[in-house]
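Model, not experiment: these values are computed from the prediction. For reference, positions follow the sequence shown, starting with 1.
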Amino acid sequence: MSRPLQRGVAGVRTPDSKSKDKLEKEDWDNKRSSSDHSPLSPFRLHFSDNNSHSKYGINENGFASDPFVVGSPRSRVKLMMLLMKFSLAFIVVLALTGSFWWTMSISSSSRGHIYHGYRRLQEKLVSDLVDISELSSGPSKFKELESCSEELENFVPCFNVSENVALGSTDGNEFDRQCGRELRQYCLVLPPVNYKIPLHWPTGRDVIWIANVKITAVEVLSSGTLTKRMMMLDEEQISFRSASHMFDGIEDYSHQIAEMMGLRNESYFIQAGFKELESCSEELENFVPCFNVSENVALGSTDGNEFDRQCGRELRQYCLVLPPVNYKIPLHWPTGRDVIWIANVKITAVEVLSSGTLTKRMMMLDEEQISFRSASHMFDGIEDYSHQIAEMMGLRNESYFIQAGVRTILDIGCGYGSFGAHLFHSQLLTTCIANYEPSGSQVQLTLERGLPAMIASFTSKQLPYSSLSFDMLHCAWCGIDWDKKDGTLLIEADRLLKPGGYFVWTSPLIKSRNKEDQKRWKLVQDFTENLCFELLSQQDATVVWKKTSKKSCYSSRKSSSAPPLCGKGHDVETPYYRDLQNCIGGTQSSRWIPIEKKERWPSRANLNKNELAVYGLQPDEFAEDSESWRTAVRNYWSLLSPLIFSDHPKRPGEEDPPPPYNMFRNVLDMNAHFGGFNSALLQARKSVWVMNVVPVSGLNYLPLIHDRGFVGVLHDWCEAFPTYPRTYDLVHAAGLLSLETSHPRRCTMLDVFIEIDRVLRPEGWVIIRDTVPLIESARALTTQLKWEARVIEIESDNDQRLLISQKPFHKKQAS
């Protein structure tokens with residue numbers, strides 16, 4: 001006979017097990033009663049009291065349900081629980097230790113990002129827990145609102161005509177809005193029984209569901225006015241065709257109103273509030289504001305100061321500058337580099353023939369064209385000249401300029417851009433600057449050839465470029481007396497040159513045997529030596545200097561007459577309207593990096609981590625900006641391509657326009673920021689150059705633009721840009737309107753747009769990206785300028801829009 005089991009199985013209970021269960025029950029009651037007084041008692045779980053046995057682990061059939069009774073021995077359970085506690089504690093200690101060492105190992109900047117991210121996660125967690133708490137207590141805390149009665153399906157509070165009449169309102173006053181009298185309706189207004197979601201626009205403009213509105217089919221049929229508009233009425237729909245000639249005559253009515261307003265038709269309503277600007281007089285065909293040589297002379301300006309830029313004296317011209325009578329669209333690049341239309345520039349055929357310098361460059365002059373062949377051995381010898389400069393620098397030829405660290409060149413008094421045109425095929429970017437000229441302008445002809453140029457006077461003011469911004473300065477017969485003004489002109493040249501940069505000067509003064517000329521040449525030699533310029537070579541009338549790469553050179557100078565170094569207060573990174581200084585600038589800059597140690601082009605366009613740190617930028621921020629502009633350029637071209645092919649005017653005798661990449665050459669970016677637009681255009685292999693403008697009202701990233709190997713300038717857009725009319729094919733402005741309107745301004749948005757129209761070529765394009773309200777304001781201004789404009793939504797940004805406009809070719813009639 002087997003021994004009786006002591007633990008009870010299959011619902012059979014032994015006397016021993018019964019007494020044991022009784023003891024355990026009493027022990028469980030004691031523990032439960034003590035827990036009622038613990039601090040955690042408010043959060044304990046509440047169970048039903050319907051079955052007292054199940055409450056203590058015994059169901060009504062006498063089956064044991066206590067987990068501590070059935071299973072493994074109690075000692076084994078305690079041991080397992082103890083091991084689990086120790087394991088959990090060990091894991092927590094290990095995790096905390098690893099977290100501590102990881103936290104100590106990360107950089108301070110990363111720690112800040114992680115801390116802010118952790119705080120955001122904490123706040124989000126707390127918010128989610130609150131939401132969960134509110135949702136969990138919802139049924140007991142909030143009572144769902146009831147539905148309103150059927151008569152309130154079209155309920156509009158504050159309008160009760162019958163009540164207003166009862167209160168004495170008459171003569172139309174009974175329809176007035178009266179809030180506060182009636183009780184609030186705390187119920188949900190439900191749609192009608194047969195309500196349907198409205199059709200999408202524009203279909204929904206002409207077809208509506210009859211069940212969705214208060215009017216009934218009977219009222220529709222009894223309404224003469226509505227019946228006139230109605231094209232079809234069935235059981236479910238009402239259809240309108242307001243734009244149709246068949247119904248209601250609404251188009252004729254709108255047309256009648258427009259004619260009564262003096263307009264051609266209703267499509268001209270938007271222009272009724274904006275008067276189109278008149279055309280300027282013929283003498284303003286080549287008008288450049290802020291440059292008035294005769295007035296400056298009358299006011300006593302001499303010694304070159306008469307060519308200085310003076311804005312604010314003259315009245316603004318609120319008119320549109322029209323092209324000359326025989327103006328023609330410039331030829332596409334690269335043909336336009338060597339052939340220009342003579343009617344497009346200020347110089348005349350007589351002035352061409354009387355100009356020995358220009359005649360040397362000229363291959364052919366007929367009634368309409370001037371042709372340049374700067375790369376030819378037959379004319380001007382520009383190739384031999386460039387080859388000579390390269391050899392004087394110790395290079396094999398000019399194609400090795402890039403290897404010597406040369407990318408950007410400032411050509412002072414550039415003639416007609418032949419030097420820059422020849423070097424362009426070697427990926428060298430040459431910017432031409434010259435004084436404003438009443439006729440035969442060097443800058444205008446250079447821009448007409450599709451080469452970088454701007455009006456700038458190298459006389460009394462510092463140029464609006466950053467310190468240490470150019471790899472080479474070139475001055476060939478430029479007419480500047482470097483020995484004058486106590487050497488301040490040479491000091492300005494030194495400020496513009498990067499460490500290790502080259503200064504090339506060609507002048508008859510260098511090889512002159514005249515004693516006075518020799519004395520002047522000696523003064524230039526001595527002064528450049530005091531600037532720590534090394535004389536590399538001298539051949540005939542050309543000399544090449546190399547600026548020092550070491551700051552220690554300045555402290556080792558022996559001459560007591562050497563110009564001093566500028567202090568921090570005078571060493572301005574980017575001057576604007578600042579007088580020439582008599583101290584050496586740029587030495588305080590953290591951008592003092594010799595050109596031979598910089599990345600070669602085109603790698604220079606992508607600044608490294610250390611170079612970005614100078615401007616307080618992180619590599620990921622710079623990379624994100626670059627990627628956004630690559631996307632923007634792709635989108636711009638996808639938008640412009642169909643517009644160009646569909647809207648581009650056909651000129652008599654010409655075929656369809658070529659692909660869009662040849663439609664633009666000269667590009668003006670009015671708010672360049674990091675120069676990302678320029679970089680994206682080059683990466684997309686667009687045959688363009690960009691004038692990157694940094695507004696004085698924003699952050700100054702012009703040094704960064706120059707360090708990337710791009711052309712750039714500082715400018716105030718309340719003033720005219722220093723260029724001649726009709727010099728840019730594309731004007732781009734991203735965020736400029738927001739920037740300019742965020743500051744108290746002395747000019748209006750119309751002033752800025754008139755200036756854009758002045759510098760834009762006929763059939764040129766404008767792309768403006770900004771906030772929706774500013775784009776709408778700009779769109780209204782385009783009617784005054786007679787531009788063809790379109791507003792386009794940006795998929796990735798709902799808060800911004802694109803305004804794409806084209807300037808029409810308004811031909812002036814010959815008188």
Side-chain angles (χ1 to χ4, degrees), residues 333-334 337-338 357 360-361 363 372-434 442 445-446 449-453 469-478 493 496-507 510-511 533-547 549 594-605 682 687 689 706 708-711:
W333 181 270
R337 175 188 59 193
D338 301 322
T357 303
K360 291 178 182 178
R361 293 176 169 84
M363 178 179 177
F372 305 89
R373 287 295 180 267
S374 59
S376 171
H377 292 281
M378 298 174 60
F379 299 93
D380 202 335
I382 193 68
E383 184 170 351
D384 293 337
Y385 175 67
S386 304
H387 193 78
Q388 174 190 351
I389 293 174
E391 290 181 337
M392 295 172 70
M393 294 168 56
L395 305 174
R396 185 175 180 180
N397 54 49
E398 62 271 24
S399 64
Y400 285 82
F401 279 165
I402 290 286
Q403 277 69 28
V406 177
R407 155 67 179 172
T408 55
I409 301 172
L410 183 64
D411 195 1
I412 305 166
C414 59
Y416 302 105
S418 297
F419 185 64
H422 173 68
L423 295 179
F424 184 81
H425 73 278
S426 299
Q427 297 187 357
L428 299 173
L429 193 59
T430 304
T431 305
C432 163
I433 62 169
Q442 305 172 65
L445 264 74
T446 302
R449 298 180 66 181
L451 300 168
S469 54
F470 292 95
D471 305 312
M472 177 185 287
L473 263 61
H474 176 256
C475 172
W477 296 283
C478 59
L496 296 172
L497 264 182
K498 293 179 180 178
Y502 299 91
F503 179 34
V504 181
W505 183 33
T506 299
S507 171
I510 296 172
K511 64 175 183 178
F533 279 18
E534 178 188 358
L535 180 60
L536 293 183
S537 180
Q538 177 185 343
Q539 292 184 15
D540 298 327
T542 302
V543 62
V544 177
W545 285 281
K546 182 178 176 66
K547 179 178 176 177
S549 300
I595 62 172
E596 55 266 18
K597 292 185 179 180
K598 282 182 170 289
E599 293 286 342
R600 302 291 179 261
W601 180 263
S603 299
R604 181 191 289 189
L682 295 181
S687 184
W689 68 271
H706 284 145
R708 299 186 71 181
F710 302 150
V711 177

A.B. asks: With T542, which residues qualify under side-chain hydrogen bond (donor to acceptor under 3.5 Å, both in side chains), at least two apart?
C.D. replies: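 So T542 forms a side-chain hydrogen bond (donor to acceptor under 3.5 Å, both in side chains) with T506.
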A.B. asks: Identify, with sequence neighbours excluded, every residue that meets ring pair (Phe, Tyr, Trp, His ring centres under 6.0 Å) alongside F470.
C.D. replies: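 Residues passing ring pair (Phe, Tyr, Trp, His ring centres under 6.0 Å) with F470: Y465, H706.
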A.B. asks: Please name all residues satisfying side-chain hydrogen bond (donor to acceptor under 3.5 Å, both in side chains) with S549, sequence neighbours left out, ordered by chain then number.
C.D. replies: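 For S549 the side-chain hydrogen bond (donor to acceptor under 3.5 Å, both in side chains) partners, ignoring immediate neighbours, are E596.
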A.B. asks: How would you list, by chain and number, every residue that makes a side chain to side chain contact (heavy atoms under 4.5 Å, CB included) with S603, sequence neighbours excluded?
C.D. replies: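 By the side chain to side chain contact (heavy atoms under 4.5 Å, CB included) rule, S603 matches E599.
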A.B. asks: Any side-chain heavy atom of L682 within less than 4.5 Å of one from F710?
C.D. replies: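 Answer yes - side chains close enough.
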A.B. asks: Do the side chains of L428 and M472 get nearer than 4.5 Å, heavy atoms only?
C.D. replies: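 Counting from C-beta outward, M472 and L428 never come under 4.5 Å.
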A.B. asks: Can you name the side-chain hydrogen bond (donor to acceptor under 3.5 Å, both in side chains) partners of R708, sequence neighbours left out?
C.D. replies: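 With neighbours one apart ignored, the set is S679.
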A.B. asks: Under the 3.5 angstrom rule, does the side chain of R407 hit a backbone N or O of W601 as a donor-acceptor pair?
C.D. replies: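 Such a contact is absent between R407 side chain and W601 backbone.
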A.B. asks: Got a second to check how far I412's CD1 is from W505's CH2, nearest 0.5 Å?
C.D. replies: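 Going from CD1 on I412 over to CH2 on W505, the span is 11.5 Å.
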A.B. asks: Tell me, please, which residues at least two apart from L535 pass side chain to side chain contact (heavy atoms under 4.5 Å, CB included).
C.D. replies: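 Applying side chain to side chain contact (heavy atoms under 4.5 Å, CB included) to L535 gives Q525, V543, W545.
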A.B. asks: Identify whether NZ of Lys or CZ of Arg in K547 sits under 6.0 Å from the centre of the six-membered ring of F533 and within 45° of that ring's axis.
C.D. replies: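 Pair K547/F533 does not count as cation-pi.
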A.B. asks: Q403: what forms a side chain to side chain contact (heavy atoms under 4.5 Å, CB included) with it, not counting sequence neighbours?
C.D. replies: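 Q403 satisfies side chain to side chain contact (heavy atoms under 4.5 Å, CB included) with Y400 once adjacent residues are dropped.
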A.B. asks: Is the closest side-chain heavy-atom distance between F419 and V504 below 4.5 Å?
C.D. replies: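 Counting from C-beta outward, F419 and V504 never come under 4.5 Å.
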A.B. asks: Tell me every residue that passes side-chain hydrogen bond (donor to acceptor under 3.5 Å, both in side chains) with T408, counting only those two or more places apart in sequence or in another chain.
C.D. replies: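 Expected list: D471.
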A.B. asks: Applying side chain to side chain contact (heavy atoms under 4.5 Å, CB included), can you list everything that pairs with H387, at least two apart in sequence or on another chain?
C.D. replies: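 For H387, the residues satisfying side chain to side chain contact (heavy atoms under 4.5 Å, CB included) (neighbours in sequence not counted) are E391, N397, E398.
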